[in-house]
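Here, residue 1 is the first one in the sequence, and each next residue gets the next number. Atoms within a ligand are numbered from 1 in the order they appear, just like the ligands themselves.
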Amino acid sequence: MSGRTAALIPAAGRGERLGPGAPKALRDIGGIPMLVHAVKAISSCPAVSIVIVAAPSDNVDEVTALLGQQEFPSDVHVVAGGDTRVESVARALINLPDDIDVVLVHDAARPLVPEEVVASVVSAVRAGHDAVVPALPMTDTVKRVDTNDDVTATLDRSTLRAIQTPQGFRREILQRAHAIADDEGITDDAGMVEALGITVHVVPGHEEALKVTRPFDVVVAEAILAKRRSLGALG
Ligand code: CTP
Ligand code: MG
């Protein structure tokens, strides 16, 4: 594999679980929009050459202006996202230059992913895995329940993982998955690749790659940022 790596950042969600306000990617973490953190985190990885952001369709100009004000280590482009995450990723995917052979998909909602996670996903794809996801072991006990909220099973936690992004793919594999995608119940790109019968490989994720979903997650993300800023001030 001799091409370049692109990162697609779906950022077109409304952030309904975060409560009323601007689209989630435009809300601040420590005074800086979540999307700016996410683009910085991904583009700081030297392996990433180009970033394509899928913005909320009503905010494309605003997002273009916002990202245009910043200096990022890679080229950054903005396209209009769609009504579902799958559609937003698909709209970014059709804008890829020809020489890209590895594609990352990273949620804008994971603004603080450490560079080492991004690098290890890219390396694992370049080492020969078709599809790679970062993952953490489960810490809670996980049970299955029925519609009456009665427990029907306790799952073997040692075989379970919580999956994060960026997820990395050989370009052709991700395009094949999107070509036959059925949006129903899809929350990540690796799930679509699994549906093709292709093996998805897991590498270590990181607690700081948490997904900002509810207001409590903003508190945690701001604490992580405050810790990094104080360590940076010390160093
Ligand atoms: N996303 C997207 N286009 C959509 C829906 C979601 O690009 N139509 C993106 C979000 O912007 C986010 C990622 O997919 O970066 C993961 O989605 P999620 O955390 O569910 O974000 P939201 O959809 O914004 O949040 P909510 O479901 O609470 O509305
Ligand atoms: Mg959502």
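Annotation for ligand 1: atoms under 4.0 Å from non-hydrogen atoms of Ser88 are 2 (C), 3 (N), 4 (C), 7 (O), 8 (N). Less than 4.0 angstrom separates some heavy atom of Thr84 from each of these atoms of ligand 1: 3 (N), 4 (C), 8 (N).
At the top of the distance list for atom 13 (C) of ligand 1, counting protein heavy atoms only, stands Asp107 OD1, 3.3 Å. The shortest contact between atom 10 (C) of ligand 1 and any protein heavy atom is with Gly13 N, 3.6 Å. Atom 20 (O) of ligand 1 has Arg17 NH2, 2.8 Å as its closest protein atom, hydrogens excluded (heavy atom only). In this structure, the protein non-hydrogen atom closest to atom 24 (O) of ligand 1 is Gly15 N, 2.9 Å. Counting protein heavy atoms only, atom 9 (C) of ligand 1 is closest to Pro10 O, 3.5 Å.
Residue Lys24 holds the heavy atom nearest to atom 18 (P) of ligand 1 of all those in Met34, Lys24, Glu16, Arg14.
Under 4.0 Å from ligand 1, the heavy atoms of Asp83 that appear belong solely to its backbone. For Lys211, every heavy-atom contact with ligand 1 shorter than 4.0 Å involves the side chain, none the backbone.
Ion pairing between Asp140 and Arg157 fails under the 4.0 Å rule for side-chain N and carboxylate O. Ionic pairing of Arg126 and Asp101 is present here: one or more N-O contacts between side-chain nitrogen and carboxylate oxygen are shorter than 4.0 angstrom.
In terms of polar-atom proximity, defined here as any N/O pair under 3.5 Å, Leu18 makes no such contact with ligand 1.
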